[in-house]
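Convention: sequence-line order gives letters A, B, ...; per-chain numbering from 1.
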Amino acid sequence: MSGTIKVLNVAEKPSVAKSVSGILSRNQALRVRDGRSRYNRIFEFNYSIRGQPCHMLFTSVTGHLMELEFEDRFRKWHSCDPLDLYHAPVRKFVPEDKLDIKRTLEEEARRCQWLVLWLDCDREGENIAFEVINVCRAVNRHLTIRRARFSALIDREIHHAMQNLIDPNPWFSDAVDARQEIDLRIGASFTRFQTMLLRDKFVIDSATDDRNLVLSYGPCQFATLGFVVERYWEVQSHEPEEFWTINCSHRSDEGVATFNWMRGHLFDYTCAVIVYEMCVQEPTATVTKVQHKEKLKYPPYPLNTIELEKRASRYFRMSSEHTMKVAEELYQAGFISYPRTETDCFSSRTDLHAIVQEQQGHPDWGSYAQRLLDPETGLWRNPGSGGHDDKAHPPIHPTKFSTGEHGWSQDHRTLYELVVRHFLACVSQPAVGAETTVEIDIAGELFSASGRVILERNYLDVYRYESWGGSMIPTYTVGQQFAPASLTLDTGVTRPPPLLSEADLLSCMDKAGIGTDATMHDHIKKLLDRFYATKDSNTRFSPTNLGEALVMGYDDMGYELWKPNLRSMMEFDMKEVSVGNKSKDEVLATCLQQMKACFFDARLNKVKLLEAMAVFFERSNRAVGGDNYAAGEVVRQCDLCQESSMVLKKNRDGNFMVGCSGFPQCRNAIWLPGSILEAAVTSNICSSCNPGPVYLIQFKFLQIEIPPGFNANHLGCIGGCDDTLRQLIEICGTGSRMSARGRGPTTTSSNGQRSSNRHNGCVHCQQTGHSSNDCPSQFSRSRNSQSHTHSENGDPSVSCSTCGMPCVLRTANTANNRGRKFYSCPSQECNFFIWEDGVSNGNDGRSIPSTNCSASNSGRRGGRGQSGRNRSHAADTTFVSATGDPVSNRCYVCGDPSHFANVCPNRGM
DNA sequence: GCAAGGTC
């Protein structure tokens with residue numbers, strides 16, 4: 001067919017591909033074939049777009065085609081500081097289970113000239129459209145790309161959409177991209193942080209195996225939890241208050257009427273008694289007002305997802321999650337319309353009568369359907385509108401008649417019945433009632449009674465879930481007087497509000513914009529799955545200890561991370577992006593910057609979380625392993641890798657250091673004096689160090705290990721400006737590579753060059769804590785040691801026989817001497833070494849043998865000043881292991897030549 | 001192992 005173009009059409013789900021294909025082809029010459037994905041078939045037919053003959057291929061995806069994830073090196077929980085997740089690179093990719101769909105799209109796109117996107121017309125749909133565009137355009141750069149805009153699967157609308165194609169809207173898609181990225185970064189960072197902080201520190205008895213417990217955080221799940229906790233606290237904090245009220249009854253031939261005091265109740269007993277005694281003294285009642293009024297009780301609006309969930313919970317105590325599962329199955333089998341819809345008004349184009357007609361044969365509600373269709377009954381009424389329309393799906397309604405199918409569970413029957421009865425109710429007249437209100441006066445106090453007679457039941461006949469209580473009261477006339485049958489002063493107490501029911505919770509979420517119609521039930525289920533909340537047999541939610549502790553912890557910090565505001569603000573920003581008022585990048589930058597600061601602050605205040613947990617849980621004895629990042633407090637951004645953060649940590653030997661959380665990719669580290677007893681990052685920022693912020697650290701030194709004149713408490717900066725800290729490091733040495741006995745005042749003045757290095761700090765990075773030679777940014781260089789073996793406490797002190805520098809205590813890692821300690825000169829220029837046990841035995845030092853040492857006794861030279869000057873010594877002296885493999889004398893963990901890996905302070909990070 | 005959002 002000359003001039004015919006091939007058009008690839010893609011819908012968001014298979015059912016839409018099928019429906020639209022059926023409408024466009026008018027079911028004429030419609031062919032179907034399988035794609036690579038078993039769910040997403042391909043429909044083929046011919047069509048003409050504005051006179052252009054087209055061969056149409058119509059397939060679908062199943063929701064999002066792509067996922068957003070961190071790049072691999074950030075995906076493991078201990079791969080980085082959770083703070084890094086605010087700027088770690090992310091990527092979009094097609095997950096394994098969607099690859100078949102991707103391949104279908106690629107294959108079909110290659111042979112098409114046009115791509116028409118039939119994704120749902122909402123923000124998520126637009127984002128999925130761009131996912132499809134990316135996949136298709138990657139294999140066919142010449143594709144003409146158009147968007148079909150439709151709001152219902154109705155013939156006229158679909159043909160109109162096809163003839164009036166528009167451009168896809170990148171702003172809508174951008175809003176979703178921003179939402180995804182923010183959700184991922186916030187969720188992952190807080191989840192890792194609180195899980196690693198709390199899981200191993202407490203015996204969390206709610207979980208079967210708390211080692212695998214994940215204490216997840218998400219803007220939706222925590223807001224949902226917040227509603228539960230807030231109501232629970234309200235209930236807990238309620239203090240019953242006694243009140244008094246006066247009740248009056250009257251009996252006549254027609255029956256009994258109960259009159260309520262129009263003041264309601266009084267909390268002041270004396271006042272109540274005074275009023276009551278006045279009434280008792282003059283008890284005659286005079287009727288002051290009789291009012292008759294017609295009242296209407298309207299049927300519900302057309303059914304959307306949230307109402308379906310709420311009503312199923314209220315009427316049948318069915319969980320929202322189960323409701324959606326059953327509804328999905330009914331939808332898949334064609335009995336009800338699409339169950340995930342916000343829309344609660346029918347389009348004027350919907351043939352409502354046809355839907356009712358289908359139900360006429362049902363044994364239970366068929367006769368009601370017949371009455372509805374009979375104009376003489378006057379029962380029909382065009383349905384009201386709840387004011388919501390997602391422009392993508394109609395309200396939930398029956399699409400196929402059934403009296404119950406083989407294989408349906410009771411829940412399938414119940415839910416189908418609800419959908420049908422709800423629909424029939426929507427198109428029915430409201431119930432009509434006559435209400436009578438009577439007011440009386442006793443000694444100047446007013447009382448009222450009311451009664452109701454239902455005149456027409458109308459929709460209530462089919463909507464049996466609702467009732468409208470009728471109550472009769474006797475006939476009264478104004479001016480009539482009577483003596484009350486009873487006049488009592490009654491007492492009662494105020495009651496707390498009830499715990500939130502599932503329907504209440506859904507209402508709270510809906511009102512605050514937490515989740516979507518398709519996901520709200522997931523968030524509720526997540527609270528149960530994470531052991532954050534429980535649900536009782538009345539569908540009422542209480543927080544567990546865990547849920548309450550988490551909310552309490554954040555609340556004590558003063559954060560509203562558990563309130564819906566965060567999501568609302570995000571939602572506002574998303575809206576701004578979707579209408580083009582703000583750019584995606586702008587919103588991402590602002591939001592993530594704020595959340596990062598919030599995360600940082602939350603971590604500084606983590607003690608609040610720990611305290612809140614301690615209220616409910618026993619401390620655990622379990623060893624905490626691999627939790628350095630959770631324990632580490634951020635001091636500044638790493639100026640070496642520029643990606644991760646420098647965090648204050650304690651090494652295994654108990655000494656403090658500030659290291660890059662990007663380890664081992666980045667080995668930036670600042671070693672702090674071993675004489676530090678306590679160190680904690682504060683929220684104070686150094687005013688002189690750049691790039692900032694550099695947070696000051698509150699140090700507490702062991703007084704006896706620092707010279708007179710220095711204060712044991714010091715608010716210090718590791719950014720390079722802090723002379724006091726520099727001096728203390730110089731005087732005390734660092735605690736990183738030596739055992740405690742290596743600490744103490746040293747003979748640094750004996751080595752002018754070394755002393756000079758320290759005073760000047762590192763020439764590469766300007767930081768204290770290491771010398772220029774030690775700078776992690778200069779790893780190929782040899783380094784001087786900062787450790788000292790001279791001591792004042794009687795421990796051996798060994799100096800290099802060549803240069804006189806204090807030696808470093810190391811541990812051999814060779815086959816013959818593994819674990820044996822020896823001293824060696826920190827300078828790479830000298831080869832001096834001596835076994836530790838040799839020192840105590842009074843042996844002389846010896847130099848490291850030139851080759852094949854294996855730390856054996858060979859190559860002994862003995863005597864000071866004779867160490868291997870005759871040997872050309874490279875920075876990396878090679879040892880040979882027992883297996884003959886060369887072993888570097890640098891630590892294989894951090895590359896530091898002053899120690900071996902078995903004593904590496906960074907091991908196990 | 002982490003979010004929330006689509007959908008099967």
Side-chain angles (χ1 to χ4, degrees), chain A residues 11-17 37-41 60-70 74-80 82 84-86 88 90 92 94-95 97-98 100-101 119-120 122-132 172-173 175-196 199 207 209-224 324-325 327-329 331-333 338-341 390 392-393 509 513-523 525-526 529-530 561 566-567 570-571 574 595 599 626 629-630:
Chain A
E12 189 160 322
K13 42 190 164 282
S15 62
V16 172
S37 157
R38 55 186 288 216
Y39 299 112
N40 307 84
R41 309 184 78 193
S60 56
V61 287
T62 45
H64 277 289
L65 186 59
M66 294 179 167
E67 285 179 11
L68 188 71
E69 249 306 355
F70 294 109
F74 293 93
R75 290 179 73 167
K76 285 215 163 76
W77 278 38
H78 290 89
S79 65
C80 65
D84 298 343
L85 299 178
Y86 285 90
V90 289
K92 260 195 166 187
V94 179
D97 61 338
K98 298 283 175 77
D100 284 344
I101 298 175
L119 288 304
D120 291 355
D122 52 20
R123 292 205 305 243
E124 294 294 335
E126 210 65 20
N127 189 263
I128 300 170
F130 277 87
E131 292 174 355
V132 171
F172 266 42
S173 178
V176 173
D177 279 341
R179 197 265 308 149
Q180 287 178 342
E181 193 172 329
I182 292 167
D183 282 341
L184 176 65
R185 293 186 189 279
I186 295 176
S189 58
F190 273 93
T191 299
R192 290 185 192 182
F193 159 63
Q194 62 186 28
T195 302
M196 294 193 289
R199 183 176 59 191
D209 180 6
D210 55 8
R211 279 170 190 275
N212 294 323
L213 193 66
V214 172
L215 307 184
S216 63
Y217 177 88
C220 286
Q221 54 178 273
F222 251 57
T224 308
M324 290 313 292
K325 182 173 177 288
E328 177 68 28
E329 285 163 7
Y331 160 69
Q332 290 295 333
Y338 190 67
R340 290 182 284 272
T341 174
D390 62 17
H393 305 286
M509 296 170 74
I514 301 301
T516 68
D517 46 68
T519 61
M520 281 158 78
H521 66 274
D522 283 334
H523 301 313
K525 184 170 181 287
K526 189 150 277 178
D529 292 346
R530 296 286 190 215
L561 287 167
L566 173 63
R567 194 69 185 169
M570 281 169 60
E571 195 53 40
M574 297 311 106
M595 284 311 298
F599 177 83
Y629 292 119

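With rounding to whole Å, A:His64 atom NE2 is found 5 Å from B:dG6 atom C1'. Straight-line distance from the CZ atom of A:Arg340 to the P atom of B:dA4: 18 Å, rounded to whole Å. The distance from atom OH of A:Tyr39 to atom P of B:dG6 is 20 Å, rounded to the nearest whole Å. For the pair A:Leu68 CG and B:dA4 C1', the computed distance is 11 Å after rounding to whole Å. Taking atom NE2 on A:His393 and atom P on B:dG6, their separation rounds to 9 Å, with Å as the unit. Between the P atom of B:dA4 and the CZ atom of A:Arg123 lies a distance of 16 Å, rounded to the nearest Å. Distance A:Glu124 CD to B:dA4 C1': 8 Å, rounded to the nearest Å. The interatomic distance linking A:Trp77 (CH2) with B:dA3 (C1') rounds to 12 Å, in whole Å.
Here A:Gln332 lies in heavy-atom contact (under 4.0 Å) with sugar-phosphate atoms only. Counting non-hydrogen atoms under 4.0 angstrom, A:Asn127 reaches nothing in the nucleic acid. Residue A:Arg567 is classed as a sugar-phosphate contact, given heavy-atom separations below 4.0 Å to backbone atoms only. Among the heavy atoms of the strands lying under 4.0 Å from A:Arg179 is at least one base atom, whether or not backbone atoms are also near. If you check every strand for non-hydrogen atoms under 4.0 Å, A:Lys98 touches a base. Here A:Tyr338 lies in heavy-atom contact (under 4.0 Å) with sugar-phosphate atoms only. Residue A:Gly515 is in sugar-phosphate contact alone, with no base atom involved, counting any heavy-atom pair closer than 4.0 Å across all strands shown. Contact annotation for A:Thr195: base contact, defined as any heavy-atom pair under 4.0 Å involving a base atom. Contact annotation for A:Glu69: base contact, defined as any heavy-atom pair under 4.0 Å involving a base atom. Residue contacts for A:Ile186: at a heavy-atom cut-off of 4.0 Å it reaches no nucleic acid atom on any strand shown.
Side-chain atoms of A:Glu12 lie closest to B:dG6 of the nucleotides B:dA4, B:dC2, B:dG6. Here the nucleotide nearest the side chain of A:Arg530, chosen from B:dG6, B:dT7, B:dC2, is B:dC2.
Distances shown here put every side-chain N or O of A:Gln180 at or beyond 4.0 Å from the OP1 or OP2 atom of B:dA3. Between A:Thr516 and the phosphate of B:dG6, there is a side-chain N or O to OP1/OP2 separation shorter than 4.0 Å. At B:dG5, one or more side-chain N or O atoms of A:His523 fall inside 4.0 Å of OP1 or OP2 (strictly under the cut-off). The phosphate of B:dG1 has neither OP1 nor OP2 within less than 4.0 Å of any side-chain N or O from A:Ser216.
Considering only residues two or more places apart in sequence or on other chains, A:Glu181 meets the side chain to side chain contact (heavy atoms under 4.5 Å, CB included) condition with A:Leu68, A:Val90, A:Arg185, A:Leu588, A:Leu592. Remark: A:Ala223 pairs with A:Ile514, A:Pro564 by the side chain to side chain contact (heavy atoms under 4.5 Å, CB included) rule, at least two apart or across chains.
Checked by atom type and distance alone, the side chain of A:Lys98 pairs as donor or acceptor with a backbone atom of A:His64 at under 3.5 Å. Of the possible donor and acceptor atoms, none in the side chain of A:Ser216 sits under 3.5 Å from a partner among the backbone N and O of A:Thr191. At distances below 3.5 Å, at least one donor-acceptor pair connects side-chain atoms of A:Tyr217 with backbone N or O atoms of A:Leu561.
Residue whose closest nucleotide on DNA chain B sits further toward the 5' end, between A:Phe222 and A:Pro14: A:Phe222. Checking A:Arg75 against A:Ala518, the closest nucleotide of DNA chain B that is more toward the 5' end is the one next to A:Arg75.
Note: A:Phe599 and A:Phe193 have perpendicular aromatic rings, judged against thresholds of 30 and 60 degrees for the angle between ring planes.
By the 6.0 Å and 45° rule, A:Lys92 does not stack over the aromatic ring of A:Phe130.
Between A:Tyr217 and B:dA3, no base-stacking contact is recorded for ring centres under 5.5 Å apart and planes less than 30° from parallel.
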